[in-house]
Amino acid sequence: MLPDINLDRVKNTLLELSHIGFNQEDKGIYRLGLSEADMRARYWLINVLEKEGFEPVMDGAGNVFGRLGTPGSPSVTMGSHLDSVPAGGMFDGALGVVAALEVLRVCKEHGIETTYPLELVATSEEEGRFGGMFGAQAIAGQLTPDFVLNAHDADGYKLADAMQRVGLEPLDALTARRNPGSMRAFLELHVEQGPVLEASGNTIGVVDSISGVFKWIVRLIGKADHAGTSPMNLRSDAFSGLADFAHEISRIIDENGSDRSRLTVGKVELKPGNPHTIPGEAIFTLVGRDSDEEVMTELSMACRRALSAIARRHNLMFEYEQASWLGPMQCDPEIVSLFERHAKNLGMAFERMPSGAGHDTQFMTEITRAGMIFVPSVGGVSHAPDEWTHWHDVAAGTRLLLHAALEMAELRPAVEDDRGAALETGQM
Ligand SMILES: [Zn+2]
């Protein structure tokens, strides 16, 4: 049997971290990517890693690494992000970093040796303040000088200025690229941030894919007329077209999607926007997701057909612009079954699921085999101060990460006699 994780230590470390960037007024955490509070969290982590002998390094993008084991051979890297959204919760990202730290700590304190080194990463700016997943993209070699120099946040504040302000040289981010040969695998533990696991009663979600997403800006164009003098049958009401479309979304998914499909009209603008005028224009966003790119294509074509039929029916014109299309990412199938096998051996109730949100893992798949574990979010709540995950679920996720990471890193022949038992489940 492998030694167990120390839940009290995990808990205390997470609580300690949750004070950094904590706002007394709304009880939220404000560790916006590359802000002063975010950097305080990074230096707190560096300090912990240093004190415990895990050889911390910060790369040019602000990613923090720690390691245990022989340098030189490819590492089994675990982690997630340290930054938060404004008024975020204490588990999003932080859990994956603290769980990785716990794996290093357990191995160090029990003298566990592995063929491949174990590595922790706390990525930088994952929440997209500057419009990407900066840290993971830097590691995956997906940054361009143009992006580094020109990206800015919603207030127009530049990424390059934010970096300089916290002592990072902007173009050094391009040196953060990791050689694919230097990483054997990437494993991320994260809170689900949705209601699925709570509803099913399962403790563990084994993520098999990260949904792709497309975004359209749609315009339905009719005629703005006086709301009193225009008879109902002589109108070109852009809003009734939009309402019809919204009503058809569930049919479109039934006929052209999968149980993983999502279609959302999230932002709507009516013009001229006057209570006594028939809306002459409805401009809205349409965001579609699925974990299969072919299904995404099917969905988008069905939306286009529905919109043009509706436009004809309501005497409207219709145009759309595809603002973005990001294909789905598949997790490594062997890592998926590795997680499932260990979850089963450890007696954890688990299910396989897609991730509807983007995560560091999605960029790490560019350079290494990657996999992801979800644990339940109470009430499905995340990106909010009352984000919560029960401690027993935190323990289960961390324990699963430990077992999976040690199999990936290949335990060295036993120092303790009974350690081999854990390996009888098979090597990858
Ligand atoms: Zn996150």
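Whatever order the structure lists them in is the order used to number ligands and atoms, beginning at 1. Because the structure is predicted, anything quoted here is derived from the model rather than measured.
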Discussion item. With a cut-off of 2.8 Å, does D92 put an N/O/S atom close enough to the Zn ion (ligand 1)?
Written reply: yes
Practice prompt. Assess the pair F91 and W391: is the distance between their ring centroids shorter than 6.0 Å?
Written response: yes
Discussion item. For R251, I'd like to know if atom CZ has over 12 heavy atoms of other residues, nucleotides or ligands within 6.0 Å.
Written reply: yes
Worksheet entry | Atom name in H190, limited to N/O/S, at shortest distance from the Zn ion (ligand 1) | NE2
Discussion item. Quick check: F134 with H81 (ring centres under 6.0 Å apart)?
Written reply: no
Discussion item. Among the N/O/S atoms of H81, which is closest to the Zn ion (ligand 1)? Give the atom name.
Written reply: NE2
Fill in: D290 side chain to D292 backbone, donor-acceptor under 3.5 Å
yes
